[in-house]
Each structure stands twice: as C-alpha cells, then as structure tokens.
Protein chains: 2
Amino acid sequence: MADVAREVGASTITVSRALRRPEMVSEGLRQRIAVAVEELGYLPDPAARALASRRSNVIGVLIPSVTNNVFADVLAGLYDTVGGTAYNVQLGNTRYDTQVEEDLVRIFLSQRPAGLIVAGVDQSPASRRLLQQAECPVVQIMELARDPIDMLVGFSHRDAARAATEHLLDRGYRVPAFIGARMDPRSERRRAGFCDAIRAADPRARIRELTTNEPSSVRLGGALFDRLRADAPEIDAVFCNNDDLALGAQFAAQRAGLRIGPDIGICGFNDLEVMSAAHPAITSVRTFRREMGEIALQRLLARIEGADDPSEAVVDLSWRLEPRSSTDRG
Amino acid sequence: MADVAREVGASTITVSRALRRPEMVSEGLRQRIAVAVEELGYLPDPAARALASRRSNVIGVLIPSVTNNVFADVLAGLYDTVGGTAYNVQLGNTRYDTQVEEDLVRIFLSQRPAGLIVAGVDQSPASRRLLQQAECPVVQIMELARDPIDMLVGFSHRDAARAATEHLLDRGYRVPAFIGARMDPRSERRRAGFCDAIRAADPRARIRELTTNEPSSVRLGGALFDRLRADAPEIDAVFCNNDDLALGAQFAAQRAGLRIGPDIGICGFNDLEVMSAAHPAITSVRTFRREMGEIALQRLLARIEGADDPSEAVVDLSWRLEPRSSTDRG
DNA sequence: AGGAATATTGACAGCGCTGTCATTCGTCAA
DNA sequence: TTGACGAATGACAGCGCTGTCAATATTCCT
C-alpha cells in the first residue's frame with residue numbers, strides 16, 4: 001500500500017480510503033490510485049485489515065455436516081453469493097454436536113467475524129448467549145422459530161411433513177409409516193408433522209415408524225424399509241425423512257416385487273434432483289436449499305454494510321409438495 | 001494475552017511461546033500459563049498472529065464446484081482432517097474456469113496461506129508459476145501428472161476408465177458407448193481411457209459417444225442415453241462419465257423396457273453410495289475421494305510442520321472396479 | 001573450580017493496515 | 001470582506017501478536 005501511495009504521491013491513508021470508501025476521495029486521485037493498484041498488482045492484506053479495524057472479513061458458517069446433500073446445496077448458494085464480495089466464508093463442522101458447536105462459536109467469535117450463519121435453532125444456552133452478545137449480525141438457517149437470535153431464514157419442517165403425510169392419506173393410502181435416520185432436531189420435527197397428520201385423520205391411530213440415529217444412506221433406506229415391512233406388513237405407504245431413504249425404500253420395494261404406487265406409496269423429503277428422474281419418479285417435498293444459502297448471506301451482507309433496518313428479520317422460504325408416480329395408486 | 005502474562009507474572013512473549021512451542025517453556029510456567037489461559041478463556045487473535053508471523057493459518061482449497069458429490073466427499077475428508085488442528089480451510093470456487101482459478105490463486109497468496117490445495121493439474125501457466133514460487137507447500141489433487149507443482153495426490157482417470165471399458169468387453173458386450181457431461185479435463189481423460197480400450201480391442205472400431213458440457217445430473221443421463229440409442233441402436237453397453245449419468249441411464253433403460261444387464265450394460269464412475277444400493281446394483285469404478293482429501297491435507301500439514309523430506313511427493317490412490325448386476329449379461 | 005554449553009526468559013520493534021483527530025483549502029451567506 | 005462550513009487529505013498511534021537478539025540462570029564437562 002505504501003508503494004501505491006508513493007506512486008500517486010498521496011498518503012497511505014488516502015489510498016486506504018480510496019479502496020474502502022471511494023466517495024471520500026476526489027475523483028482524480030481515486031482514478032490514479034486505481035491505476036496504480038492495478039499496475040502494481042496490489043492486494044490488501046486481510047490480516048492487517050482485520051487487526052487494525054478490529055473486524056475480519058470472515059463469514060462464519062456452522063453446519064452439522066459437509067457431505068450431506070442438503071448442506072452441500074446451502075453451501076453452493078452461500079459460495080455463489082459470497083463470490084465477488086470482499087468476504088470469505090469459513091465453515092465450521094459441528095458434527096451434529098451442540099458442544100462442538102459451542103466451541104466453534106467461541107473460536108469464530110475470537111476472530112471478530114463480519115457475520116455468522118448457524119444451522120438450526122437448537123443451540124446450547126451458552127451458544128445462544130454468545131451469539132446474542134456478538135457484535136456481528138447472525139442468521140439462523142434451515143428452520144423457523146419464534147425467538148430468533150437475530151435473523152432467520154428457513155421453513156417449517158413440521159408443516160411440510162404434515163402436508164406430505166396428508167398427501168399420502170388423500171391419495172388413499174391407509175397405513176402410512178415413517179422412516180427416519182439421523183434423527184436431528186429437524187428430523188424430529190418432520191416426524192412430529194407426520195404424527196400430526198396421522199392423528200388428525202384418526203386420533204386413535206397407532207404410529208408406525210422405524211427410526212435410527214445412523215447417518216442416512218440409500219442402502220439404509222432399503223434396510224429400514226425391509227425391517228419395517230417385516231414388523232408391520234400392513235403398511236401401504238412410507239414417508240421418508242429424506243430422499244436418500246426414499247430412494248433406498250423404492251429400490252427395496254422393487255426388489256420385493258411390489259408395484260411402486262399401487263402396492264406401496266413412497267414419499268421423500270427435499271426433492272433432490274434424482275427424485276424426479278427416478279423410475280418411477282418419486283414424490284417429495286421440495287425445499288429451497290440453495291436459496292436458503294443465498295438469501296441468508298444476502299441479508300447478512302446487507303446488515304454488515306449498514307442496513308440497520310431488520311425489516312424482515314425472519315424469512316419463511318416455505319416448501320412445495322411435488323406429487324409423482326410413487327404415490328399414484330393408479 | 002497480556003492478561004494471561006500478568007496473571008502468571010511472565011512476559012507476553014513467554015505466554016506466546018508456551019502456546020506455540022511448549023517445549024521451550026519450563027514445565028511449571030507452562031502449567032500455570034495453561035491454567036490462566038483456561039480461566040480467562042483466552043483465545044489468540046489469528047489476525048494478529050498472521051500479521052506478526054507473516055503467515056496465516058489458512059489452508060486455501062481451490063475446487064471447481066461445491067455441490068458436486070465428488071468434491072463434497074473430498075471436502076469432507078479435508079474438514080475431518082483439519083478439525084482439531086489450528087488451521088482453517090478456506091474454499092475457493094473456480095467454477096471450472098482457469099481464469100477464475102488464477103484470480104483466486106492471487107487472492108489466496110496475498111493472505112500468505114499456510115498451504116494450498118488445488119484440484120486438477122491443468123492450471124494456467126500464470127497460476128502454475130505463482131504456485132511454484134509460493135513460499136508455502138502446495139498439493140494438487142484428483143489426478144496424476146508427470147510434473148507436479150509440488151505434491152500430488154490422485155489417481156489415473158484414464159487407466160480407471162480403460163479398465164471399466166475392458167470390463168464391459170470382457171463381460172461380452174460388443175458395442176459399448178461413452179456418455180459424458182461436464183467435460184472437464186478429468187472427464188476428457190476418462191473418455192481417452194474409454195477410447196484406449198475400444199481401440200485395443202479393435203483398432204478400426206468406431207467410437208460411439210455422446211457428450212455435453214452441461215453439468216451432469218441424473219435426468220441428463222437419461223436424456224443422453226435416449227438420444228444415444230436413437231442415433232446408434234446397436235449399442236449394448238454404456239460407460240458413463242459419472243454415477244449420476246449412469247443412474248439416469250439405468251432409469252431410462254428401465255423406462256424403455258430394457259433388462260439391465262442382459263439387454264444393456266451400464267457402468268458408472270466414482271461408486272457413490274447409491275450405486276451398490278440401486279436395483280439392480282450398478283457397476284462402477286470406486287474412487288477414494290474422502291481419502292484424497294484426508295491424505296492431501298495430512299501431507300500438507302506434515303510439510304508445514306517442518307517435515308522437509310518430500311519422500312512421497314506423489315501419492316497414487318488408484319481405484320477399484322466394482323462389478324455388479326448392471327454389467328451381468330446373465 | 002572454571003568455563004562452555006544449554007535452557008529459560010525478556011526487551012524491543014514492527015508486521016500492514018485503519019480509527020481518530022487535525023489540517024488545509026475552497027465556497028458561500030451575511 | 002469575513003467567518004463558518006464542508007470536502008479532501010494527512011499525521012499519528014496502535015490493533016495483538018511474533019521474530020530477533022540479548023540476558024540470565026542452570027547444567028555439564030574437564
């Protein structure tokens with residue numbers, strides 16, 4: 001930066017201002033500085049900036065998993081939106097553990113981040129407190145809640161699951177069951193939505209379900225489906241916690257010689273691309289994962305850049321049922 | 001840090017050392033410092049560290065896509081390995097564009113990263129030069145090459161594809177075709193491996209293929225399969241660029257009433273979890289994506305921590321053919 | 001016992017930038 | 001004409017830590 005300043009015959013602080021608040025520097029100087037920066041290939045040192053301004057350019061993102069398709073999509077939205085800005089996304093993998101999450105919150109906060117995005121609304125009390133006292137904006141994503149820490153972008157898993165289950169009942173299935181893996185808070189809410197729908201139809205109905213805390217996979221979906229049918233042969237539809245399980249259930253049903261749709265209804269959750277391309281196509285609840293990442297980051301950046309007005313502190317992205325052949329009794 | 005120093009009656013530099021090079025500080029002092037750090041909840045400021053030491057704790061990772069399953073697995077390996085260390089992974093999304101990659105290399109380098117991991121071996125000349133001159137270790141991942149910039153962890157896509165195609169021929173398929181999407185350098189090498197095998201079997205054979213630069217997806221795999229069969233009805237097997245395409249091809253073949261295996265052989269690439277769980281299970285070439293991330297980062301950290309010996313500058317992770325029903329002619 | 005080698009600690013300056021406050025200069029209403 | 005005011009620029013100090021070199025304490029060897 002000193003070089004640039006020398007080049008144009010100005011002080012370093014003026015160069016600094018030309019880069020960060022161009023409107024504070026006269027037209028001519030600004031241009032000459034821009035030229036010199038380009039010529040010299042000057043790139044500001046983020047560490048020095050962070051130290052001097054007591055605020056880093058890091059957007060901390062806390063998610064429970066990196067591999068999971070759902071979060072991969074959220075991340076894609078995040079990275080797309082952060083690309084081109086002066087900010088950097090920094091991921092923290094909480095591994096579905098609130099204690100790990102709390103540690104990461106502390107570590108992130110020690111960097112004086114520009115903003116924080118955290119998945120879910122079930123932080124530990126200590127995390128919540130830390131985040132509330134943070135002097136940077138915070139966005140919770142994935143879910144809806146009555147008492148956001150700061151901002152919130154998500155949708156109601158419970159409502160979505162309830163709608164999916166109602167769809168099964170509407171289509172004439174009598175005994176839908178719930179298949180769940182990796183029972184995190186969001187999965188539990190989907191399960192609750194399933195129960196809502198079942199009980200609304202028949203308050204005395206028995207809830208048929210099979211859940212596990214193992215990470216979900218296609219193979220596991222098949223295994224759970226087979227076990228569930230062995231225990232409860234009367235079931236004629238399954239609402240799966242997520243699309244991987246649904247795909248696995250469909251494969252298992254096909255192996256068992258069942259006709260997908262007429263003999264067994266299958267519904268997934270998230271509507272990954274594969275669902276509509278499968279044979280037969282699988283009904284699912286579409287969620288707006290990429291958009292969640294984009295919007296969360298947009299809100300965050302708006303606040304960082306000074307928009308104090310939290311006009312829309314909570315954004316409900318909702319969901320959309322996508323009925324397909326797998327729940328068509330024909 | 002000054003607080004900690006005061007608490008134990010030592011100088012800040014001693015505290016600094018106790019944190020970074022414990023062996024340089026006497027047992028007793030070290031213990032008291034550890035206690036004080038814990039009590040005061042002291043966390044070092046990474047920006048100040050980076051500025052003073054002229055070296056940040058950032059491991060820059062340049063990949064072409066965040067959503068892609070393949071890179072998601074690599075990332076998972078990376079994040080698993082970096083967790084618990086004092087380093088931070090910072091992702092740069094090159095979007096399959098070497099110019100973007102070059103800009104990102106510059107930006108990353110301006111942060112004085114602890115190390116850099118870049119996907120592929122086809123960097124622009126300028127990127128290559130920058131990376132070679134970088135005063136930090138660099139690992140290229142995903143592929144093999146004769147002239148690594150520094151270290152390399154990957155496998156031969158060409159050999160793997162050749163083996164897969166030979167498998168089709170061995171199984172008795174006469175007219176295998178190649179289906180490819182998102183034709184990046186690695187896809188091109190797989191295509192070359194396909195051609196190698198076909199030509200080795202019959203030097204005068206016509207190469208049947210259908211490729212596109214669109215990002216791949218299950219749906220696209222089905223569409224390409226249908227178009228390919230319309231143009232070349234004689235084909236009796238397809239080697240797909242990746243598993244998504246293979247899955248789509250399988251669904252399309254099923255829609256067309258073909259028996260998977262007897263009527264049409266299908267082989268994918270990467271061996272995502274879904275391949276073995278599909279109905280029927282789909283033959284694929286297993287690649288060690290997560291391991292690639294883990295090992296690349298381990299090597300990098302070893303070098304950062306001072307192991308100068310580049311005993312194994314190149315690690316070949318190889319691959320493994322996983323024959324399944326989809327290439328069983330019965 | 002004497003000196004060299006080693007282990008342990010500290011003083012000091014400065015990393016590259018920005019926040020704060022001060023200065024200069026031109027403009028404008030009274 | 002004059003003082004007030006805003007726009008443009010600069011001086012200075014310091015963000016929190018570490019590299020370097022120096023000083024002191026301790027151990028070891030002859």
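Proteins get letters first, then strands, A, B, ... in listed order; numbering begins at 1 in each. Since this is a predicted model, take the numbers as computed values, not measurements.
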Can you tell me how far the [atom1] atom of [X] sits from the [atom2] atom of [Y], to the nearest 0.5 Å?
X	Y	atom1	atom2	value
B:D73	B:E294	CG	CD	10.5 Å
B:L317	B:R289	CG	CZ	11.5 Å
A:E38	A:I33	CD	CD1	14.0 Å

Want to settle it: does B:R54 or B:E23 sit nearer the 5' end of DNA chain C, counting the closest nucleotide to each?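 In this pair, the answer is B:E23.
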What's the [atom1]-[atom2] distance between [X] and [N], to the nearest Å?
X	N	atom1	atom2	answer
A:M24	D:dA8	CE	C1'	8 Å
A:D3	C:dG16	CG	P	10 Å
B:L29	C:dT8	CG	P	10 Å
A:R21	C:dT20	CZ	C1'	13 Å
A:E27	D:dT9	CD	P	11 Å

Residue-phosphate contact under 4.0 Å: B:T14 side-chain N/O, C:dT9 OP1/OP2: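 Answer is no, no contact under 4.0 Å.
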Go along nucleotides 17-28 of chain D 5' to 3' and tag each nucleotide: B for a protein heavy atom under 4.0 Å from its base, S when only backbone or sugar atoms are that close, - otherwise. BSB---------
With a 4.0 Å cut-off on heavy atoms, is A:R112 in touch with a base, just the backbone sugar-phosphate, or nothing at all?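 Sugar-phosphate contact only - A:R112 comes under 4.0 Å of backbone atoms but never of a base.
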Does B:R55 reach a base, just sugar-phosphate, or nothing at all? Heavy atoms under 4.0 Å. nothing
I'd like to know whether A:R55 forms a side chain to side chain donor-acceptor pair (under 3.5 Å) with A:S53, so could you lay out the CA-CA distance, the side-chain angles of the two residues, the decisive distance to 0.1 Å, and finally the verdict. CA-CA 5 Å; A:R55 182 70 38 214; A:S53 67; over 6 Å; no
With a 4.0 Å cut-off, would you call B:R95 and B:D97 a salt bridge? no
State plainly whether the residues B:D45 and A:R54 are in salt-bridge range, i.e. N to O under 4.0 Å. no
